[in-house]
Amino acid sequence: MLRLTIVGRVRDGLPLAQGPRYVNEENDKISTYKQQGEFLLKEISRGALPLSKMTIFLDQYSFNYMVEDGICFMVLCDSMYPRKLVFHYLQDLQEEFKKFDVGLTERIMRPYSLIKFDAIIGNIRRKYVDTRTQANLSKITSDGSQEIDVVSESFSQIVKRRRRSEMLTRMSEAHLHASPIWCSKRLEIIAPKWIPIGLVLAVMTILVWTSLHREDSLSTGF
């Protein structure tokens, strides 16, 4: 079953449209999965996920997406739903989306404000509810039993990678903030002046210490 659809702009990770809500869906779970879908859209936007096609496994479901012309078409479905059919569904969405004015979709600033496409998503989704229709069976059996070539990964691995990236970023920023002078123009100005003086003082200190140590050794010898 196709449970949740999100159409988003890759450039900034903004979700543009979603399918209509259904009464028999569990609202709390769908809300959680919607947030996870938006997270994946952001990951695609920042280049952490492929700009082509991908399947991401999550619990008993999977997110599947494809990117075309800077727009991401994503759907959450049951893991047992035929993957060939999933990508036919996404392809149909992409074909309909091409009919919209590019300038209009680029000007959108608020999430899910392309409401006109919500109804189109609902109409296309209805065609894919029953996987046993003649049309859907033909799509599944096209190219024989050959499996569609799509990269796959678990949702948990993507989350771990993002957390690791954020941790490294925070550590790097903390190091820079802790010692800003070492990366500043000020250091470039004062270094040539004070480094020779520091070296001279260090040499003098060593000479004085050596001299005193020698005197102490002589005095203890008498």
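- Cys72 and Tyr65 make their closest contact through SG-CB, 3.9 Å (heavy atoms, listed as atom of the first residue, atom of the second, distance).
- Annotation: ring-ring contact (aromatic ring centres under 6.0 Å, His included) contacts of Tyr128 (sequence neighbours excluded): Tyr89.
- Contacts of Phe57 classified as ring-ring contact (aromatic ring centres under 6.0 Å, His included), with partners at least two apart in sequence or in another chain: none.
- Qualifying side chain to side chain contact (heavy atoms under 4.5 Å, CB included) partners for Arg107, counting only residues two or more places apart in sequence or in other chains: Asp101, Leu104.
- The salt bridge (charged side-chain N to carboxylate O under 4.0 Å, His left out) test applied to Asp149 returns no partner, not counting sequence neighbours.
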Is there a side-chain hydrogen bond (donor to acceptor under 3.5 Å, both in side chains) between Asn136 and Thr133 once you walk through the steps?
-> CA-CA 5 Å; Asn136 287 337; Thr133 64; 3.2 Å; yes
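- Taking 4.0 Å as the cut-off between side-chain N and carboxylate O, Glu166 and Arg162 count as a salt-bridged pair.
- Distance check: Thr105 OG1 to Leu14 CG gives 10.5 Å after rounding to the nearest 0.5 Å.
- Every ring-ring contact (aromatic ring centres under 6.0 Å, His included) that Phe73 has, sequence neighbours left out, goes to Phe97.
- Ion pair Arg161/Glu43 not flagged as a salt bridge, since none of the NZ, NE, NH1 or NH2 atoms sits closer than 4.0 Å to an Asp/Glu carboxylate oxygen.
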Starting from the C-alpha separation in whole Å, work towards a yes-or-no answer on side-chain contact (heavy atoms from CB on, under 4.5 Å) for Lys29 and Tyr33.
-> CA-CA 6 Å; Lys29 284 189 175 181; Tyr33 288 125; 4.2 Å; yes
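- Side-chain N/O atoms of Ser62 and Asn64 include a donor and acceptor closer than 3.5 Å.
- Partners of Phe155 by ring-ring contact (aromatic ring centres under 6.0 Å, His included), not counting sequence neighbours, listed by chain and number: Phe39.
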